[in-house]
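Below is one structure, written out as structure tokens, with a few remarks after it.
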There are 2 protein chains.
Amino acid sequence: MTDEEFDSDAVVTLEQGAGGKAMRDLVSEVLTAGLPDDSLDIGREAMDDGAVVPIGDRNVVFTTDSHVVHPPFFPGGDIGRLAVSGTVNDLAVMGATDVRALSSAVVVEAGYAESDLERIADSMARTCREADAAIVTGDTKVMGHGDLDGIVVNTTGVGVADHVVGDDGLSPDDVLVSTGEVGRHGVALLAEREGIDFGTTVESDVRPINGVVDRALSVAGADITAMKDPTRMGLAGAASEMATKGGVGIELRQDRIPVPSDVKGASEMLGLNPLQIANEGIALLGVRPTAAADVLAALRSHPDGQDAAAIGKAIDDEHGRVLLDTGLGTRYLREPATEPAPRIC
Amino acid sequence: MTDEEFDSDAVVTLEQGAGGKAMRDLVSEVLTAGLPDDSLDIGREAMDDGAVVPIGDRNVVFTTDSHVVHPPFFPGGDIGRLAVSGTVNDLAVMGATDVRALSSAVVVEAGYAESDLERIADSMARTCREADAAIVTGDTKVMGHGDLDGIVVNTTGVGVADHVVGDDGLSPDDVLVSTGEVGRHGVALLAEREGIDFGTTVESDVRPINGVVDRALSVAGADITAMKDPTRMGLAGAASEMATKGGVGIELRQDRIPVPSDVKGASEMLGLNPLQIANEGIALLGVRPTAAADVLAALRSHPDGQDAAAIGKAIDDEHGRVLLDTGLGTRYLREPATEPAPRIC
Ligand SMILES: Nc1ncnc2c1ncn2[C@@H]1O[C@H](COP(=O)(O)OP(=O)(O)OP(=O)(O)O)[C@@H](O)[C@H]1O
Ligand SMILES: Nc1ncnc2c1ncn2[C@@H]1O[C@H](COP(=O)(O)OP(=O)(O)OP(=O)(O)O)[C@@H](O)[C@H]1O
Ligand SMILES: [Mg+2]
Ligand SMILES: [Mg+2]
Ligand SMILES: [Mg+2]
Ligand SMILES: [Mg+2]
Ligand SMILES: [Mg+2]
Ligand SMILES: [Mg+2]
């Protein structure tokens, strides 16, 4: 029994909503502790990007996210684009690039500007078109003025995977591929929120990536051994989880990681590590070495995969850990203990 | 173009989250106006309890609800029980009594008592067991203290229907059946919230009803022509919608509607019509007259269907309207213009 279980005055903290260890503990020790077993191969226990529910002869992937981003409008996107992309991307990184249905559940504060709601709805519509996805059902609740700071959008998705890809499938020597540039979303949001001027406007990478992920799956199928979208806890968080679940270590080469220069500059000013902040438009892929070249070519053939890069590989050492080769030496790259840029999910 | 579209200062109102006409207008004119078509037979346009997504050779039903109930704990239930039941019941009234997967997305305020979160999680677990349903995926976000009044729980569900039942299938002479007593949830919540003492404690009816609904489907199949759960807008709201969508009138017999005496007493004191307040543990069924006796017997064979009653019928007159035969005369029973007990969803 942990100390926490004796602490009857314990309250929820921001950290517990940040996507890292504190959140996973809250989920497993409090939120899901007494739930009946789901008896799925990739279900709740797997803590993957979504669950795989066999229905008839199909692998139905099911995933949910609530979005509470501040500010709701930011360079490169808004909460509506984020809500659709986030759920489409969790489906995609499970192998379900074929999105069959999305739900949209909006909770909004009384007094919220209808014009803002319209902007968000329009953005959701546009993003759905990009992802070739449709919202088929929804819910709308209004809370009293002052009872909610703005708006919360939950999107839940159902997709079909020909080939299911978990986040636990890495084997030693698998190549780690990023489908695109790292660090944009976190920096864009922080800059907007704090009103910081870096001379240039960093735009969020938020976008649906089922199209580009599908290119990779089409050429490599089962040679793609693991996938994850490096959201709240950044590249470092996603890679750590893939390493832990795969029972491997991961070695990253800093010079191979595509961090755009504006993100580099801004993160330095903010004192952040771009590998530890949120992304909303890329995926990390584990790929068998023999298929790596084909996967990179396939990704780069798609507009959203222009910056795809092999950034490292899995190793049969340092299990559960991520090593960063900086060129000057090698150090551990840890999942951030707490979200460096809280409430930007 | 409506006036509203010219009003750039328009803001969201509580009424627009209440489940009635104002909400449906917000959904169709703002929230979903620009969305791509989902090309489903029962999809977003149908505005039914959920959507039906064909996957392989199965009819997958998909539905979502966010729950923002005040108070979160009330006689007979709590927000956790409500969240699981609400989604299970929307699946069930589409014919998907076979719940394949639920998601749970929790948004909670920093500073929320972990003990309350545990109570809610335990209640969700218990309710899942009752419904023979499992939560297979989820999401957890924490908002800053003061940015959310407590907790919002979204549950989204996936079920499979052998026989899909819409809310638009009523034909003249179909018998309208309630699976149980009317008015409990709304009264229980209002009494708790306002601290009103009626001498007795009215308990909410909140519970999963896929079991009892399944009994009816098993004996009557396609002779069940329409179903709906009379939630936020009460029996009056659900019946009105079934009448409108079915292109029929509905005649209800007041003396047949099972309103428990404590609900009657309390509603009188509160100045409410029990037919216009929320229920969370019953369904309205349209049944071909030849199957009505079998359906009633089947429902009553289940613990949650003891109070099942034939409360009226569809007529080929007064299309879209609900008539209430009070014994002294007949009057229109309208969908409440605004939720009589706001924020109790
Ligand atoms: N309230 C909850 N109930 C059940 N499972 C949960 C809950 N919250 C999170 N989980 C599970 O924990 C795991 C991690 O969730 P998390 O939200 O971090 O993943 P993600 O959606 O891929 O990331 P992000 O939310 O940053 O996009 C997932 O498997 C998710 O299903
Ligand atoms: N934000 C939204 N986007 C798309 N569709 C929506 C949205 N809000 C509501 N809807 C649709 O409007 C219809 C009515 O929604 P409503 O929430 O009243 O139904 P319900 O879930 O059966 O009732 P309750 O929420 O009281 O349990 C449903 O078909 C629902 O899918
Ligand atoms: Mg993810
Ligand atoms: Mg996600
Ligand atoms: Mg609803
Ligand atoms: Mg319903
Ligand atoms: Mg509902
Ligand atoms: Mg999530």
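Labels below follow one simple rule: chain letters A, B, ... track the order of the sequence lines, proteins then strands, and each chain is numbered from 1.
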Worksheet item: Considering heavy atoms only, which positions within residues 127-134 of chain A lie below 4.5 Å of chain B?
Response: Cys128(A), Arg129(A), Ala133(A), Ala134(A)
To the closest 0.5 Å, what do you measure between [atom1] ([X]) and [atom2] ([Y])?
| X | Y | atom1 | atom2 | answer |
| --- | --- | --- | --- | --- |
| Arg232(A) | Lys141(B) | CZ | NZ | 4.0 Å |
| Asp147(A) | Asp147(B) | CG | CG | 12.0 Å |
| Arg58(A) | Asp57(B) | CZ | CG | 8.0 Å |
| His70(A) | Met143(B) | NE2 | CE | 4.5 Å |
| Leu14(A) | His145(B) | CG | NE2 | 11.0 Å |
| Arg44(B) | Ile135(A) | CZ | CD1 | 7.0 Å |

Report which part of [X] has an atom under 4.5 Å of a heavy atom belonging to chain A: side chain, backbone, both, or neither.
| X | result |
| --- | --- |
| Leu102(B) | backbone |
| Ile42(B) | neither |
| Leu40(B) | side chain |

Counting heavy-atom pairs under 4.5 Å with chain B, which one of [options] comes out on top?
| options | answer |
| --- | --- |
| Gly56(A), Gly80(A), Gly150(A) | Gly56(A) |
| Asp65(A), Asp116(A), Asp122(A) | Asp65(A) |
| Thr13(A), Thr32(A), Leu35(A), Ile120(A) | Leu35(A) |
| Gly50(A), Ala101(A), Ser39(A) | Ala101(A) |

Considering only heavy atoms and a distance below 4.5 Å, find which of [options] pairs most often with chain A.
| options | answer |
| --- | --- |
| Asp38(B), Thr64(B), Ile55(B), Val27(B) | Thr64(B) |
| Pro36(B), Gly34(B), Ala33(B) | Pro36(B) |
| Leu117(B), Val160(B), Val53(B) | Leu117(B) |

Can you give me every donor-acceptor pair (side chain of residues 88-99 of chain A, partner residue at least two apart or in another chain, under 3.5 Å) with its distance?
residue: Asn89(A); atom: OD1; partner: Ile209(A); partner atom: N; Å: 2.8
residue: Asn89(A); atom: ND2; partner: Ser85(A); partner atom: O; Å: 3.3
residue: Asn89(A); atom: ND2; partner: Arg207(A); partner atom: O; Å: 3.0
residue: Asn89(A); atom: ND2; partner: Glu280(A); partner atom: O; Å: 3.3
residue: Thr97(A); atom: OG1; partner: Asp214(A); partner atom: OD1; Å: 2.8
residue: Asp98(A); atom: OD1; partner: Arg100(A); partner atom: NE; Å: 3.3
residue: Asp98(A); atom: OD2; partner: Arg100(A); partner atom: NE; Å: 3.0
residue: Asp98(A); atom: OD2; partner: Arg100(A); partner atom: NH2; Å: 3.1

Fill in: side-chain contact (heavy atoms from CB on, under 4.5 Å) partner of Ser66(B), the single match among Asp139(A), Val153(A), Thr140(A), Val152(A)
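For Ser66(B), the side-chain contact (heavy atoms from CB on, under 4.5 Å) check succeeds only for Asp139(A).
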Worksheet entry | Residues forming a salt bridge (charged side-chain N to carboxylate O under 4.0 Å, His left out) with Lys245(B), sequence neighbours excluded |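 Lys245(B): salt bridge (charged side-chain N to carboxylate O under 4.0 Å, His left out) contacts with Asp167(B), Glu241(B).
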Measure distances from [X] to the heavy atoms of chain B and classify the residue's part below 4.5 Å as side chain, backbone, both or neither.
| X | answer |
| --- | --- |
| Asp48(A) | neither |
| Asn154(A) | side chain |
| Val52(A) | neither |

Item to complete: Heavy atoms only: give me the nearest Phe62(B)-Val136(A) pair and the separation to one decimal.
Response: CD2-CG2, 3.7 Å
Fill in: Neighbourhood of chain A inside residues 103-111 of chain B, taking heavy atoms under 4.5 Å as contact
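The residues closer than 4.5 Å to chain A, in numerical order, are Ser103(B), Ser104(B), Ala105(B), Val106(B), Val107(B), Val108(B), Glu109(B), Ala110(B), Gly111(B).
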Practice prompt. For residues Val158(B) and Val158(A), determine if any side-chain heavy atom of one lies less than 4.5 Å from a side-chain heavy atom of the other.
Written response: yes
Worksheet item: So do Glu114(A) and Val12(B) actually touch side chain to side chain, heavy atoms under 4.5 Å?
Response: yes
